[in-house]
Amino acid sequence: MVKDTAPDTYTPSARRLERERFKRTRARRATAVAACSTLVTGAVLFLAVVNSPGWPRTRETFLNGHYAREALPKVLEGLWLNLRLLVVCGAAVLVLGLLIAVARTLRGPVFFPLRALATAYTDFFRGLPLVICLLMVVFGVPALRLQGVTTDPVLLGGTALVLTYSAYVAEVFRAGIESVHPSQRAAARSLGLSARQTLRFVILPQAVRRVVPPLLNDLVSLQKDTGLVSIAGAVDAVYAAQILSSKSFNYTPYVVAGLIFVALTIPMTRFTDWVTARTDRRRAQGGIV
């Protein structure tokens, strides 16, 4: 077999070179216009804020550097609780949400009570505000005085988060399961797989891959809502800021806590966008069934 060792003599035409040069010029112009408009908009907003009549008082109350430096260590110490809640509750939400979604998609009249119970669960906790769920669990469960039931506000607050977010995640998983074409199930059954094996090896792998982006969005929301456990008295980042603010009547600690949550949320949001774009490209190329 003789290899072709002839050099590549391809030379772009003048028209193509001109077209590429025009595209580069247009891209640079668009970048310059976007940068200029952003700077102008930022400058206008900055001047509007700093020239407002109440700006000096607002800066002293919400953007005080002394109180920010004082609050940062305490807020970061409380943030450790928020991160632990995110990891533990996130794992529990994924497992419970998947089980509820599977229960809602079971076929056959014998599974009707299970489907009805799963449907009632999702309808109730999706309609119940998270704050009310937290109050009911955190203050209602200890009021029952049940033997062996914890009264730890962290555990009870985490339980409320799991109950609420499992309902939302269950609907995401159910949408993924129902998006799998029926021919996939029929083909698996024709190959001799049982209903359980079809669900485990054919339906769920495809469904989970399809719903990764919305699941990540729910985890971003969960990361923010872990701050609501402060209602129960758990000393997280939000409650630490509340304690410091109540001592000085300055709200800068709340701003510090909010900026820390934003700093945690932005990377997760960008990662979600990257996963979504990657999934869309693979689906467009036929890489996802």
Self-check item: 4.5 Å side-chain heavy-atom contact, R209 and P205
Solution: yes
Quiz prompt | Common cluster, V131/V162, ILVMFWY with side-chain heavy-atom separation under 4.5 Å | solution = yes
Quiz item: When rounded to the nearest 0.5 angstrom, what is the spacing between CZ in R59 and OG1 in T61?
Solution: 11.0 Å
Quiz item: Is it the case that one hydrophobic cluster holds both Y239 and L244, taking links as side-chain heavy atoms less than 4.5 Å apart, direct or via other members?
Solution: no
Practice problem: Using a cut-off of 6.0 Å, state whether more than 12 heavy atoms not belonging to W55 lie near its atom CH2. | Solution: yes
Self-check item: Value rounded to 0.5 Å, distance of CG in L199 from OG in S194
Solution: 9.5 Å
Quiz item: Side-chain contact, heavy-atom cut-off 4.5 Å: V75 with I260?
Solution: yes
Quiz item: Quick one: does T122's side chain have a donor or acceptor within less than 3.5 Å of a partner on A167's backbone?
Solution: no
Quiz item: Would one find more than 12 heavy atoms of other residues, nucleotides or ligands at under 6.0 Å from atom CZ of R84?
Solution: yes
Self-check item: R115 side chain to L106 backbone, donor-acceptor under 3.5 Å
Solution: yes
Quiz item: side-chain contact (heavy atoms from CB on, under 4.5 Å) between T272 and T269: does it pass, once the steps are laid out?
Solution: CA-CA 5 Å; T272 302; T269 305; 5.5 Å; no
Practice problem: For R174 and T105, test the side chains for any donor-to-acceptor distance below 3.5 angstrom and give the result as yes or no. | Solution: no
Practice problem: Report the distance from atom CG of L146 to atom OG1 of T151, rounding to the nearest 0.5 Å. | Solution: 11.5 Å
Quiz item: If every non-hydrogen atom of Y165 is compared with every non-hydrogen atom of D218, which pair is closest and at what distance?
Solution: CE2-O, 3.7 Å
Quiz prompt | Value rounded to 0.5 Å, distance of CD in E70 from NE2 in H66 | solution = 5.0 Å
Quiz item: What are the two closest non-hydrogen atoms of V275 and P213, and how far apart are they?
Solution: CG1-CG, 4.3 Å
Quiz prompt | Any L98 side-chain heavy atom under 4.5 Å of L204 side chain | solution = yes
Quiz item: Got V169 and L96 here, is their nearest side-chain heavy-atom distance under 4.5 Å?
Solution: no
Quiz item: Can you find a pair of side-chain heavy atoms, one from R185 and one from V202, that are under 4.5 Å apart?
Solution: no
Quiz item: Is the shortest heavy-atom distance from the side chain of F139 to the side chain of L134 under 4.5 Å?
Solution: no
Quiz item: Among side-chain atoms of T150 and D152, is any donor-acceptor pair under 3.5 angstrom?
Solution: no
Quiz item: Can you hop from V154 to M136 via hydrophobic side chains spaced under 4.5 Å?
Solution: yes
Quiz prompt | Exercise: identify the closest heavy-atom pair between L156 and V137 | solution = O-CG1, 3.4 Å
Quiz item: Between R21 and E18, does at least one N-O distance fall below 4.0 Å, as a salt bridge requires?
Solution: yes
Quiz item: Taking everything shown except Y254 itself, do over 12 heavy atoms lie less than 6.0 Å from its OH?
Solution: yes
Quiz item: Does L83 belong to the same Ile/Leu/Val/Met/Phe/Trp/Tyr cluster as V88, with side-chain heavy atoms less than 4.5 Å apart forming each link?
Solution: no
Quiz item: Is there a donor-acceptor pair under 3.5 Å between the side chain of S52 and the backbone N or O of V49?
Solution: yes
Practice problem: Apply side-chain contact (heavy atoms from CB on, under 4.5 Å) to the pair V235 and L81, showing each step before the final yes or no. | Solution: CA-CA 8 Å; V235 184; L81 174 60; 5.7 Å; no
Practice problem: Kindly determine whether L264 and L79 satisfy side-chain contact (heavy atoms from CB on, under 4.5 Å), including the steps that lead there. | Solution: CA-CA 10 Å; L264 289 176; L79 184 67; 3.8 Å; yes
Quiz item: Side chains of D273 and R270: does their closest heavy-atom pair fall under 4.5 Å?
Solution: yes
Quiz item: Which pair of non-hydrogen atoms, one from L193 and one from R189, has the smallest distance, and what is that distance?
Solution: O-NE, 2.9 Å
Quiz item: Any side-chain donor paired with an acceptor under 3.5 Å for R210 and S179?
Solution: yes
Self-check item: Under 3.5 Å: donor-acceptor pair, side chain of N82, backbone of Q223
Solution: no
Self-check item: For the student: nearest non-hydrogen atoms of V229 and G158, plus distance
Solution: CG1-N, 4.5 Å
Quiz item: Can you list the residues that meet the side-chain hydrogen bond (donor to acceptor under 3.5 Å, both in side chains) rule with N217, with sequence neighbours excluded?
Solution: none
Exercise. Apply side-chain contact (heavy atoms from CB on, under 4.5 Å) to the pair F271 and V220, showing each step before the final yes or no.
Key: CA-CA 10 Å; F271 177 71; V220 170; over 6 Å; no
Exercise. Starting at OH of Y168, measure out to CG of L222 and round the result to the nearest 0.5 Å.
Key: 12.5 Å
Quiz prompt | Any donor-acceptor pair under 3.5 Å from S190 side chain to A187 backbone | solution = yes
Self-check item: S166 side chain near Y121 side chain, heavy-atom distance below 4.5 Å
Solution: yes
Quiz item: Under the 3.5 angstrom rule, does the side chain of S230 hit a backbone N or O of G227 as a donor-acceptor pair?
Solution: yes
Self-check item: Partner set under salt bridge (Lys or Arg N to Asp or Glu O under 4.0 Å) for R126, not counting sequence neighbours
Solution: E171
Self-check item: Flag if over 12 foreign heavy atoms under 6.0 Å of CD, E178
Solution: yes
Practice problem: Identify the heavy atoms of A232 and P153 that sit nearest to each other, and give their distance. | Solution: O-CB, 3.4 Å
Quiz prompt | Point-to-point distance, once rounded to the nearest 0.5 Å, from CD1 of I100 to CZ of F125 | solution = 9.0 Å
Exercise. Establish whether L216 and L86 are linked, either directly or via other cluster members, by ILVMFWY side-chain heavy-atom contacts under 4.5 Å.
Key: yes
Quiz item: Do N250 side-chain atoms and Y67 backbone N/O form a donor-acceptor pair below 3.5 Å?
Solution: no
Quiz item: Between the main-chain N or O of T38 and the side-chain N or O of T41, is there a donor-acceptor pair closer than 3.5 Å?
Solution: no
